[in-house]
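Report on the structure given below.
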Amino acid sequence: MPSTPAPETTAPLLPPGPLDALWIQLGGTLCNLQCTHCFISCSPKNKSLDLMSLADVEPYLVEAERLGTREYYFTGGEVFIVKELEAIVERTLQQGPVTLLTNGTLTTLERATRLAEIAAATPYSLEFRVSLDGFTPETNDVIRGRGTFERAMRGVENLVSVGFLPIITATQVWDPSENLNVIAGFSEELRRRGYDRPRLKILPVLKMGAEAERTEGYADYERITEDMWRGYDASLLLCHASRTVSGRGVHICPILVDDPAGSIGTSLTESLDRPYPLTHSACYTCWQYGSICSNASSAPADGGY
Amino acid sequence: MTESSSPERVALFGGVYSNYLALESVIDDARRRGATRLYCLGDLGAFGPHPDRVFPLLVDANVQTVQGNYDHSIGHRRDDCACGYTDPKDNYFARISYSYTFENTSDRWKDWLRDLNPSIDIELAGRRVHLCHGSPRQTNEFLWESTTPDPFLRRLFRDHETDVIACTHTGLSWQRTVDTNLIVNVGVVGRPENDGCTDVSYCMLTAGENGIVADQVRVAYDHERLSAEMRSEGLPNEFTETIETGWWKSCLEILPAKERARGKC
Ligand code: SF4
Ligand code: SF4
Ligand SMILES: [Fe+2]
């Protein structure tokens, strides 16, 4: 359940900026899984946002190229549900690097192989971010569903076997003091499965959607105030130089993609020119943690310190 | 008839990372090949030993120097290098080299670093050449080959009103022509290129009839002496092994897929 925005008078304004990154909500809110912490409550039946086709994506790619976009992120929902995924990735790689965010459970060897061929034919990088919760079926499957740990790990093995170096992201559902153990555990598991250069990234939990029901949701005081904004480096926020597109139009960020407050028209170019009020409680999490969605790993590969 | 003069050559050095031995070798090499102007694109400290030994070499050879993120931090007596790393392990190694470099850079050279310019604009073969550290818009932006697409570069050329961009900061050299413009990441002279070869490299720009040609020149130097000095200064094994093997041992987590796949870490 989305939390209510605070009165706009107190909200700092995100200044207009360039379009460095374009996020594409390819899988809409449709996913083969139904994780308890999913911040936009995706499920096999949630058609709030539908899948996108190549034809849906094309006009935004044309606009993004003109705007000098640096990189492209595909997310959902689950991107591997999209039948045209390979064609859309191939088309996008003509104009820039692509990152796919996936739960890994549908990443067959056949599809990984085709994507590796596509990636080899372009000068730009194709990255994968595979989401898990914890490094064992016990920690992962209570959140993501039975058998999903093993299926996701198969997906990782398939990607690794064709030469990709996927970034494994884990939402932090454990106590922060456990971080180093969790990281060491993950790395060991991945090496055992043939991934000898694991890349890991830990994401903070966003208390929205299904997650708000699972835990307490955001308290009212968790908003960015003018005081917090003063002297803050706005470039740390995901919305600073990026926009998100879905079947419904342009949104300020992937976090608010299913919230009416995040909708900002149908033109990328126009959406860049107007200052956006950071009223949402999710903005508070961004303010605390910075850009949680970039590719950089936040964990050591071998616990070397 | 007058004999046509040889084409003008400009040498561009990337991050030095306190590798004064490599710097000495590349300066010699560039002079021998006829470079009349020498530039360094910044990041004079990090990784290597005895940071103060770099500065006299630059001054004596009249190398005009751009301020890198490292130089800005050391010069302003900041408490971190602002390298733009987002990974705890990268930051761990960055902190070790930063505090070593900070302690061993004398005040006189800290002031010198503080007063450097964040970019230098020159002209060559009638074309505007913009020398910067990370990117023209941000000192610590990483311009990797596989994540710097043409449409984005067109925006940079337009916004910064230049025909040629030369940068460093990533440690890996590459170049690309976009329309009639040229982007060159000149690599670094401070450490090898993560390809198993211990040489370092710099970029030579040659003014030709059809504009500017950029060549990446590899240079061997006494890397064994450097690693011995690094060991006796107590610098981490990850740094010395990189110098000895030509493979990065402390890999940047921000290294994109294509570049990372070519290395070993
Ligand atoms: S968190 Fe990811 S995998 Fe889980 S339901 Fe949401 S979109 Fe699907
Ligand atoms: S949720 Fe984060 S990324 Fe989205 S508008 Fe708020 S601050 Fe920006
Ligand atoms: Fe740098």
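Residue numbers start from 1 in every chain, and the chains themselves are labelled A, B, ... in the order their sequence lines are given, proteins ahead of strands.
- Within 6.0 Å of the CD atom in A/Glu270, the count of heavy atoms belonging to other residues, nucleotides or ligands does not exceed 12.
- In this structure, the side chains of A/Ser125 and B/Glu259 come closer than 4.5 Å at one or more pairs of heavy atoms.
- Using a 4.5 Å heavy-atom cut-off against chain A, the contacting residues of residues 146-155 of chain B are B/Ser146, B/Thr147, B/Thr148, B/Pro149, B/Asp150, B/Pro151, B/Phe152, B/Arg154, B/Arg155.
- Identified under the salt bridge (charged side-chain N to carboxylate O under 4.0 Å, His left out) test for residues 158-171 of chain B, with sequence neighbours left out: B/Arg127-B/Asp163, B/Arg128-B/Asp163.
- The environment of CD in A/Glu117 is crowded: more than 12 heavy-atom neighbours from other residues, nucleotides or ligands sit within 6.0 Å.
- Interface remark: of the candidates A/Gly96, A/Pro123, A/Pro166, A/Pro123 forms the most heavy-atom pairs closer than 4.5 Å to chain B.
- Inter-residue side-chain proximity for B/Glu141 and A/Arg70 is flagged as met; some heavy-atom pair is nearer than 4.5 Å.
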CA sep, side-chain torsions, deciding dist, call: B/Lys264, A/Asp196, side-chain contact (heavy atoms from CB on, under 4.5 Å): CA-CA 10 Å; B/Lys264 284 187 168 175; A/Asp196 54 6; over 6 Å; no

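- One finds the OH atom of A/Tyr124 at 11.0 Å from the NZ atom of B/Lys258 (value rounded to the nearest 0.5 Å).
- Neither the backbone nor the side chain of B/Ile96 comes within less than 4.5 Å of any heavy atom in chain A.
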